[in-house]
Amino acid sequence: MILDLLSNAPLYYRLGVKFIKAFEFLAQTDLAALEKGKYEIDGSNIFAIVNEYDTVDTATEQMESHKQYIDVQYMVSGSELIGHDFLKDQQPSKAYDEAADYQLFAEDPMFFSRLEKGMFAIFFPTDLHMPNIKVSTPSPVKKVVVKIAVNL
């Protein structure tokens, strides 16, 4: 997992062209004006999902992981906590869904990080994560998740 400010994105360009494309989309797009939905950046290899929601309590959530895509989660407005842990030998509470590219885990996160406006988090397939968590009370957020295909 990586947690940083979008202004520091060039530090991560050495992760490859796919990350450069993702960060350029985040930096060069008027994200506040984008409607909820899916936006192609490089076909199915790199795409963005824009979402708006109210944060929730940890009691209603589980950690997730992906196998086909890396998440770059960017906070456009608001703030939330994201629980995270390393994927080790935990057993999924919901088996891997290949079509939706996720599986769920009932364990509590080992760590929580606060994602605020202008920050991003990168979650690789070995990172369990529980986004959408309230900081103190439920509050509205707008977030863009850029999905980067692992097989690029």
Side-chain angles (χ1 to χ4, degrees), residues 1-58 60-88 90 100-105 107-152:
M1 185 201 119
I2 296 171
L3 179 70
D4 208 338
L5 299 168
L6 187 58
S7 58
N8 291 329
L11 297 172
Y12 305 97
Y13 284 5
R14 66 183 76 178
L15 291 173
V17 174
K18 55 191 171 184
F19 285 92
I20 295 170
K21 287 182 181 182
F23 287 129
E24 285 178 347
F25 173 83
L26 292 172
Q28 297 171 6
T29 305
D30 183 1
L31 301 172
L34 285 184
E35 297 290 326
K36 288 172 58 172
K38 182 177 175 180
Y39 298 84
E40 287 188 8
I41 299 169
D42 183 14
S44 63
N45 293 318
I46 307 170
F47 59 91
I49 299 169
V50 177
N51 205 356
E52 295 180 70
Y53 53 86
D54 288 336
T55 56
V56 298
D57 190 82
T58 57
T60 62
E61 300 298 299
Q62 293 189 40
M63 289 192 293
E64 63 185 39
S65 72
H66 312 286
K67 293 182 180 183
Q68 298 173 34
Y69 288 93
I70 298 163
D71 277 6
V72 179
Q73 299 193 13
Y74 176 73
M75 189 62 66
V76 178
S77 63
S79 65
E80 70 181 27
L81 296 178
I82 298 180
H84 45 96
D85 201 344
F86 304 103
L87 178 58
K88 299 172 286 220
Q90 302 96 330
D101 185 38
Y102 80 98
Q103 57 189 343
L104 296 177
F105 296 84
E107 286 86 2
D108 291 332
M110 184 182 292
F111 309 100
F112 281 89
S113 296
R114 186 170 175 159
L115 194 64
E116 296 184 344
K117 180 180 178 178
M119 296 176 71
F120 69 87
I122 300 175
F123 296 103
F124 296 93
T126 55
D127 298 322
L128 296 177
H129 52 287
M130 178 194 289
N132 314 346
I133 305 302
K134 67 182 182 179
V135 173
S136 56
T137 59
S139 60
V141 300
K142 183 171 187 176
K143 185 163 69 174
V144 176
V145 178
V146 178
K147 298 286 208 173
I148 300 173
V150 172
N151 65 356
L152 285 180

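Here the structure is a predicted model, which is why all the values come from computation and not from measurement. All residue numbers in this chain count up from 1 along the given sequence.
- Around atom CD of Glu35, no more than 12 heavy atoms belonging to other residues, nucleotides or ligands sit under 6.0 Å away.
- Ring orientation note: the planes of Tyr12 and Phe120 are nearly perpendicular, at an angle over 60° on the 30°/60° scale.
- Side chains of His66 and Glu64: a donor-acceptor N/O pair is present below 3.5 angstrom, by distance only.
- Within 6.0 Å of CZ on Phe86 lie no more than 12 heavy atoms contributed by other residues, nucleotides or ligands.
- The side-chain heavy atoms of Val50 and Leu31, taken from C-beta on, include no pair separated by under 4.5 Å.
- Nearest heavy atoms, Ile82 versus Pro131: CG1-CA, 4.0 Å.
- The 12-atom threshold is exceeded at CG of Asn8, counting heavy atoms of other residues, nucleotides or ligands nearer than 6.0 Å.
- A donor-acceptor distance shorter than 3.5 angstrom exists from the side chain of Thr60 to the backbone of Asp57, with no hydrogens or angles considered.
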Worksheet item: Can you list the steps and then say if Leu81 with Lys134 is a side-chain contact (heavy atoms from CB on, under 4.5 Å)?
Response: CA-CA 6 Å; Leu81 296 178; Lys134 67 182 182 179; over 6 Å; no
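- When atom types are taken as modelled, the side chain of Asn45 and the backbone of Ala149 share no donor-acceptor pair closer than 3.5 angstrom.
- Nearest heavy-atom pair across Met75 and Leu115 is CE-O, 3.8 Å.
- Two residues are said to be in side-chain contact when any heavy atoms from C-beta on lie closer than 4.5 Å; Leu6 and Phe23 meet this criterion.
- Of the inter-residue distances, the one linking Asp85 atom CG with Ser65 atom OG reads 11.0 Å to the nearest 0.5 angstrom.
- Considering every non-hydrogen atom in both Ala22 and Val146, the closest pair reads CB-CG1, 3.6 Å.
- A 4.5 Å side-chain heavy-atom check between Lys36 and Asn51 finds at least one atom pair inside the cut-off.
- Of all heavy-atom pairs between Gly83 and Pro109, the closest is CA-CB, 3.6 Å.
- Two residues are said to be in side-chain contact when any heavy atoms from C-beta on lie closer than 4.5 Å; Tyr39 and Leu34 meet this criterion.
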Practice prompt. Quick one: do Val145 and Lys147 satisfy side-chain contact (heavy atoms from CB on, under 4.5 Å)? Show the steps, please.
Written response: CA-CA 6 Å; Val145 178; Lys147 298 286 208 173; 4.2 Å; yes
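- A distance of 11.0 Å separates CE in Met119 from CD in Glu80, rounded to the nearest 0.5 Å.
- Val76 is not listed as a side-chain neighbour of Lys117, based on a closest heavy-atom distance of 4.5 Å or more.
- Rounded to the nearest 0.5 angstrom, Arg114 CZ and Leu3 CG are separated by 12.0 Å.
- Remark: Lys38 qualifies as a cation-pi partner of Phe47 under the 6.0 Å distance and 45° angle criteria applied to the six-membered ring.
- In this structure the side chain of Leu87 reaches within 4.5 angstrom of the side chain of Phe105, judged on heavy atoms.
- Put simply, the side chain of Ile133 does not reach to within 4.5 Å of the side chain of Thr55, judged on heavy atoms.
- Side-chain atoms of Ile46 and Lys21, non-hydrogen and from C-beta on, do get closer than 4.5 Å to each other.
- Counting only distance, with no hydrogens or angles, the side chain of Asp101 and the backbone of Tyr69 share a donor-acceptor pair below 3.5 Å.
- Thr58 OG1 to Asp108 CG: the interatomic distance, rounded to the nearest 0.5 Å, is 7.0 Å.
- Contact between Asp54 and Pro140 at its shortest, heavy atoms only, is OD1-CA, 3.3 Å.
- No hydrogens or angles considered: nothing links the side chains of Gln68 and Tyr102 as a donor-acceptor pair under 3.5 Å.
- Looking only at distances, a side-chain donor or acceptor of Lys142 sits under 3.5 Å from a matching main-chain atom of Ala32.
- Taking a cutoff of 4.0 Å between a charged side-chain nitrogen and a carboxylate oxygen, Lys143 and Glu52 do not qualify as a salt bridge.
- Taking CG of Leu15 as the start and CD1 of Ile2 as the end, the distance is 5.5 Å to the nearest 0.5 Å.
- In this structure, Val150 and Ile70 approach most closely via the heavy-atom pair CG2-CG1, 4.0 Å.
- Between His129 and Phe123, the gap from one ring centroid to the other is short of 6.0 Å.
- Between Met63 atom CE and Asp127 atom CG the span is 11.0 Å, to the nearest 0.5 Å.
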